[in-house]
Amino acid sequence: MLLHLKTNEFDKEVLKSSQPVLVDFSATWCGPCQMMGPVMEKLATEFEGKAKVAKVDIDECSDLAMKYNIMSVPSMLFFKNGEIKDQVVGAVPAEHLSEKLNGLL
């Protein structure tokens, strides 16, 4: 299940997660972000029970965007044990993100 996170849920769902987490920082007005929507849904289903997949709207959670230096969207951050392990910027194929997520399992 794809998580749609707000700032108050980020610590619990991402930083304190026992599973790796892929966080998609995106915006509703961003074309490439919209293209990544189905990709994130697919990955959320594929990795259910093994890793979490979440979206953060940078307009609703600008504090998180600033904290993680999100300069362009979509930006995907990969977290494990509360730390950023990798980052991908821009629209990319699901396989590319899947490989990186598998590397954290």
Side-chain angles (χ1 to χ4, degrees):
M1 178 180 75
L2 182 63
L3 302 171
H4 293 269
L5 299 180
K6 304 286 185 223
T7 301
N8 63 341
E9 304 163 311
F10 196 85
D11 277 8
K12 175 180 168 271
E13 295 291 346
V14 178
L15 302 180
K16 295 179 180 167
S17 175
S18 59
Q19 299 174 327
V21 187
L22 164 56
V23 181
D24 175 18
F25 287 87
S26 62
T28 55
W29 46 262
C30 161
C33 298
Q34 301 310 314
M35 289 171 35
M36 291 304 294
V39 171
M40 291 299 138
E41 293 280 356
K42 178 183 179 222
L43 290 172
T45 301
E46 185 182 324
F47 284 92
E48 194 157 346
K50 298 182 279 185
K52 293 181 185 180
V53 179
K55 286 182 84 78
V56 170
D57 185 311
I58 62 161
D59 292 323
E60 292 177 11
C61 306
S62 58
D63 54 333
L64 288 174
M66 285 175 47
K67 180 178 179 180
Y68 292 104
N69 296 317
I70 303 302
M71 298 297 169
S72 59
V73 287
S75 286
M76 281 71 71
L77 297 183
F78 295 81
F79 289 84
K80 185 171 183 178
N81 300 323
E83 295 179 13
I84 298 171
K85 297 295 184 185
D86 208 343
Q87 180 173 7
V88 174
V89 178
V92 295
E95 296 74 30
H96 184 68
L97 299 174
S98 186
E99 282 177 26
K100 290 185 174 292
L101 210 44
N102 273 318
L104 297 177
L105 296 178

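It should be emphasised that the depicted structure is a prediction, and the values quoted were computed from it without experimental measurement. Positions are given from 1 along the sequence.
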Name every donor-acceptor pair, under 3.5 Å, that has one atom in a side chain of residues 73-88 and the other anywhere in the protein, sequence neighbours excluded.
{"from": "Ser75", "atom 1": "OG", "to": "Ser72", "atom 2": "O", "distance (Å)": "2.5"}
{"from": "Lys80", "atom 1": "NZ", "to": "Leu104", "atom 2": "O", "distance (Å)": "2.7"}
{"from": "Glu83", "atom 1": "OE1", "to": "Lys85", "atom 2": "NZ", "distance (Å)": "3.3"}
{"from": "Asp86", "atom 1": "OD2", "to": "Lys100", "atom 2": "NZ", "distance (Å)": "2.9"}

Are Val56 and Tyr68 connected, step by step, through hydrophobic side chains (Ile, Leu, Val, Met, Phe, Trp, Tyr) whose heavy atoms are closer than 4.5 Å? yes
Distance-only donor-acceptor pairs under 3.5 Å for side chains of residues 36-52, two or more places apart:
{"from": "Thr45", "atom 1": "OG1", "to": "Glu41", "atom 2": "O", "distance (Å)": "3.2"}
{"from": "Glu46", "atom 1": "OE2", "to": "Ser98", "atom 2": "OG", "distance (Å)": "2.9"}
{"from": "Glu48", "atom 1": "OE1", "to": "Met1", "atom 2": "N", "distance (Å)": "3.4"}
{"from": "Lys52", "atom 1": "NZ", "to": "Glu13", "atom 2": "O", "distance (Å)": "3.2"}
{"from": "Lys52", "atom 1": "NZ", "to": "Glu13", "atom 2": "OE1", "distance (Å)": "2.9"}

Which other residues belong to the hydrophobic cluster containing Met35, where Ile, Leu, Val, Met, Phe, Trp and Tyr are joined when side-chain heavy atoms lie under 4.5 Å apart, directly or via other members? none
State plainly whether one hydrophobic cluster holds both Leu97 and Val53, where clusters connect Ile, Leu, Val, Met, Phe, Trp and Tyr through side-chain heavy atoms under 4.5 angstrom apart. yes
How many angstroms lie between CG in Leu5 and CZ in Phe25, if you round to the nearest 0.5 Å? 9.0 Å
Main-chain N/O of Ala27 paired to Gln34 side chain as donor or acceptor, under 3.5 Å: yes
Rounded to the nearest 0.5 Å, what separates atom CD in Glu9 from atom SG in Cys61? 8.5 Å
Examine Val92 and Leu101 and state if one hydrophobic cluster contains both, with Ile, Leu, Val, Met, Phe, Trp and Tyr joined whenever side-chain heavy atoms are less than 4.5 Å apart. yes
What residues form a side chain to side chain contact (heavy atoms under 4.5 Å, CB included) with Lys67, not counting sequence neighbours? Leu15
Considering only Ile, Leu, Val, Met, Phe, Trp and Tyr, and joining two whenever side-chain heavy atoms are under 4.5 Å apart, list the other residues clustered with Met66. none
Show every salt bridge (charged side-chain N to carboxylate O under 4.0 Å, His left out) that has at least one partner inside residues 14-26, sequence neighbours left out. Asp24-Lys55
